[in-house]
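Worksheet: one structure, shown below.
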Amino acid sequence: MRTYETAEEALESPEYNEALTELLFQLADDDFLLAYRGSEWLGLAPHIEEDVAFSSINQDMMGHATLYYKRLEELGEGKADDLSHLRSPEKFRNAVLLELPNGTGNYLEKPNYDWAFAVVRNYFYTLAKKIKLESLKTSSYVPLQHTARKVLMEVNYHLMHWETWFNQLIQSTEEAHKRMKNAIDQVWEEFMGVLSTGDKGDVMARSGIIEDEETIKKRWISKVESVFTQSGLHLKEKPQMKSGNGRNGEHTPTLESALDTLSEVYRKAPAQGW
Amino acid sequence: MSDMSGSDFYQEFEVFSKKKDTSPMQYQFSLLAPNHELALVMAKENFFRREPVADIWVVKRSDIRKLTQTEREGLKKLDKDYRETKGYGYLKKKWRQYEQEQFTEADIMGGGKS
Amino acid sequence: MRADVLFEDMTEEEKYEHFMDRIDAGEKIEADDWMPEDYRESLIRLIAMHGISEIMGALPEKEWVPKAPTLHRKLAIMAKVQDEMGHGQLLLRVAEDLMAPLGKNRENIMQDLFSGRLKFHNVFHMKAPTWGDAGIIAWLVDGAAIISQTMMLTTSYGPYGRALKRICAEEVFHAQHGESIILAMAEGNEEQRQMLQDSLNRWWTALLMFFGPKSKENTGSSHQDKNIRYKLRTKTNEELRQEFLTKYVPRIWALGLTIPDETLHFDEEEKLWKYRDPDWNEFKQIVTGNGPQSKERLELRRDSYENTRWVREALSSQKKAAI
């Protein structure tokens with residue numbers, strides 16, 4: 001399979017470039033939105049020590065998003081800050097699951113946030129993220145291989161962190177168990193969106209940018225199956241994608257309000273230094 | 001305090017770490033966690049956000065037997081120059097009488113040179 | 001000090017004398033050491049307030065974390081607010097160890113905060129309505145905090161000194177983060193400059209208040225003298241405020257900003273800054289929980305603590321394995 005060493009090489013092949021930018025937006029927007037949701041938790045986590053640990057993970061993810069946006073910048077898609085702050089919601093390629101709010105309320109007022117949802121969403125997402133990154137280590141786009149290797153270094157800690165929380169809460173009190181099961185159900189309804197690579201997935205797989213969707217899904221499901229077995233849970237049917245496929249630009253209204261918050265200041269004067 | 005709901009969550013752990021593989025373990029600080037696993041997960045980002053770290057240990061504080069103040073004050077002792085090099089300062093002059101230089105620490109430890 | 005008597009055989013007076021000898025000799029007191037009750041009380045008051053102020057201080061800046069203008073600013077302010085939480089963690093641990101012999105722990109600290117018994121710094125009761133406030137907080141509120149924290153690095157209480165050492169090491173990053181934000185705005189367009197000036201106007205009085213009243217006459221009570229005798233601190237409130245003014249006023253002016261106090265000037269004869277004294281009754285109102293944003297911030301903290309109570313209960317050892 002042909003490899004592409006630089007952005008210039010990728011740009012010479014329009015079909016390749018289109019699939020590549022599509023995937024980069026998926027990777028960037030996933031981390032960007034979940035890091036944003038995590039940053040809303042800042043100061044509100046169940047425990048001060050955990051607040052500090054959680055924030056590191058959110059910073060790491062925001063940093064990973066930045067690395068992908070920079071790759072897009074190299075491909076002529078625009079400035080990283082513009083890409084993250086000025087695109088309209090339908091241009092975003094994140095999975096719907098990652099844009100959903102942390103609970104009811106707002107981060108400034110009456111946030112009724114659900115820690116079980118935070119643990120399950122982050123844990124399952126990190127499992128999928130790691131599987132994708134492992135696949136990207138041999139991507140036909142060489143600059144993406146380098147990015148994947150860098151990101152992987154930090155993901156192992158994230159995984160250890162969320163795995164510990166998941167295992168401990170699911171095996172604790174009845175109330176915690178119930179809350180965790182509810183969170184799993186919630187996450188399950190949308191998780192297929194995280195595993196999807198969207199309409200351009202076939203081209204991505206064919207040109208070796210990332211492995212095909214089915215392979216990645218299988219790996220994730222088999223991993224989650226063993227997690228469930230350990231915790232005495234049952235894997236029901238496959239995860240779903242109830243609110244649409246974010247990879248194809250389908251989103252809930254919560255994305256729009258998230259983007260309004262994220263870009264409130266930048267939009268005032270994008271050309272200025274901040 | 002055990003009747004206060006949730007307060008059993010707050011167990012004290014002491015955190016130790018080493019900077020490099022070759023460094024000795026060093027005490028860092030303490031944190032509250034419900035158990036060892038979470039203590040470890042949280043220790044990393046609470047105390048090593050910027051500096052490099054090669055290993056981390058967490059120890060439950062209640063497992064540490066510390067000295068009491070009386071015992072600590074009992075650690076102070078008189079100088080014992082017979083077990084320190086400073087008790088042998090006169091040797092330099094002695095060797096000079098034999099037209100020899102006194103071995104430096106490096107000379108004495110010379111066997112360890114690689 | 002009587003070297004011939006074992007410490008545990010000393011009378012209370014001898015222990016006190018021994019303790020004061022150690023203070024005077026510049027020794028550091030550790031958590032398990034004998035200490036007079038008023039030394040313990042002073043430390044708990046000082047450090048618990050310092051610690052909880054860091055936790056509450058994360059909230060006004062946190063409002064701007066998701067809204068920070070660029071990817072770089074988002075990362076930097078997240079790291080900065082995280083550090084504040086981390087500083088709170090360090091300081092609360094120090095306070096908790098002092099409270100342990102009294103049968104208290106973090107749960108009590110939180111409940112004291114919610115009931116209003118435990119106060120936090122006046123600056124964190126203020127509203128932060130624009131991104132300019134995020135800049136002013138990081139530059140000047142942190143600048144003021146650095147001045148009072150470095151003063152206490154030499155404190156006689158060992159664990160507090162060690163926590164402060166860790167904290168001060170990170171403050172350099174915070175100061176530069178703040179400088180970077182306000183410089184970008186000062187060099188920006190008219191709207192950005194105005195935003196910055198408005199923030200300075202909003203925060204100036206609170207910044208002067210931050211160091212506390214000049215003397216007892218202003219408040220009716222002050223722990224300054226005792227804290228100096230026990231070598232918990234080495235400078236008075238006013239000395240710290242003067243340091244702050246010397247350090248920052250020339251810079252604020254250099255940026256072309258106006259300080260909202262036309263009486264402010266440096267008196268060459270007295271070698272002191274003259275300024276319009278803040279209304280100390282208002283200060284009292286603010287720190288007792290009646291500031292412009294006190295109720296909302298406390299509510300946010302209380303609600304999130306209660307919302308997540310199930311997590312702490314689930315992992316309490318006596319409740320574990322209930323299923």
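Quick note: numbers below take in every heavy atom, side chains included, and nothing from hydrogens, waters or symmetry partners.
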>> Gln192(C) vs Trp274(A), test: side-chain contact (heavy atoms from CB on, under 4.5 Å). Steps then yes/no.
In response: CA-CA 9 Å; Gln192(C) 287 172 301; Trp274(A) 280 101; 3.4 Å; yes
> Measuring heavy-atom distances to chain C, does Thr261(A) have an atom under 4.5 Å in its side chain, in its backbone, in both, or in neither?
Replying inline: both
>> Need one label for Arg179(A): side chain, backbone, both or neither, based on atoms under 4.5 Å from any heavy atom in chain C.
In response: side chain
> Are Glu49(A) and Arg93(C) ion-paired here, with the side-chain N under 4.0 Å from a carboxylate O?
Replying inline: no
>> Glu50(A) vs Thr308(C), test: side-chain contact (heavy atoms from CB on, under 4.5 Å). Steps then yes/no.
In response: CA-CA 12 Å; Glu50(A) 172 55 23; Thr308(C) 55; over 6 Å; no
>> Please determine whether side-chain contact (heavy atoms from CB on, under 4.5 Å) holds for the pair Leu315(C) and Trp165(A), giving the CA-CA distance in whole Å, both sets of side-chain angles, and the decisive distance to 0.1 Å.
In response: CA-CA 10 Å; Leu315(C) 301 184; Trp165(A) 272 107; 3.7 Å; yes
> Is any NZ, NE, NH1 or NH2 atom of the basic residue among Lys110(A) and Glu299(C) found under 4.0 Å from an Asp or Glu carboxylate oxygen of the other?
Replying inline: yes
>> Please evaluate residues Thr173(A) and Glu313(C) with respect to the criterion side-chain hydrogen bond (donor to acceptor under 3.5 Å, both in side chains), reporting the C-alpha separation (whole Å), side-chain torsions for both, the decisive distance (0.1 Å), and the verdict.
In response: CA-CA 8 Å; Thr173(A) 55; Glu313(C) 282 179 355; over 6 Å; no
>> Once rounded to the nearest 0.5 Å, what's the spacing between atom CE of Met78(C) and atom CG of Asn58(A)?
In response: 6.0 Å
>> Would you compute the distance between atom NE2 of His47(A) and atom CZ of Arg312(C) and round it to the nearest 0.5 angstrom?
In response: 9.0 Å
> Between the side chain of Gln82(C) and the main-chain N/O of Val52(A), is any donor-acceptor distance below 3.5 Å?
Replying inline: yes
>> With a 3.5 Å distance limit and no angle check, can you tell me whether Tyr107(A) reaches the backbone of Glu63(C) through a side-chain donor-acceptor pair?
In response: yes
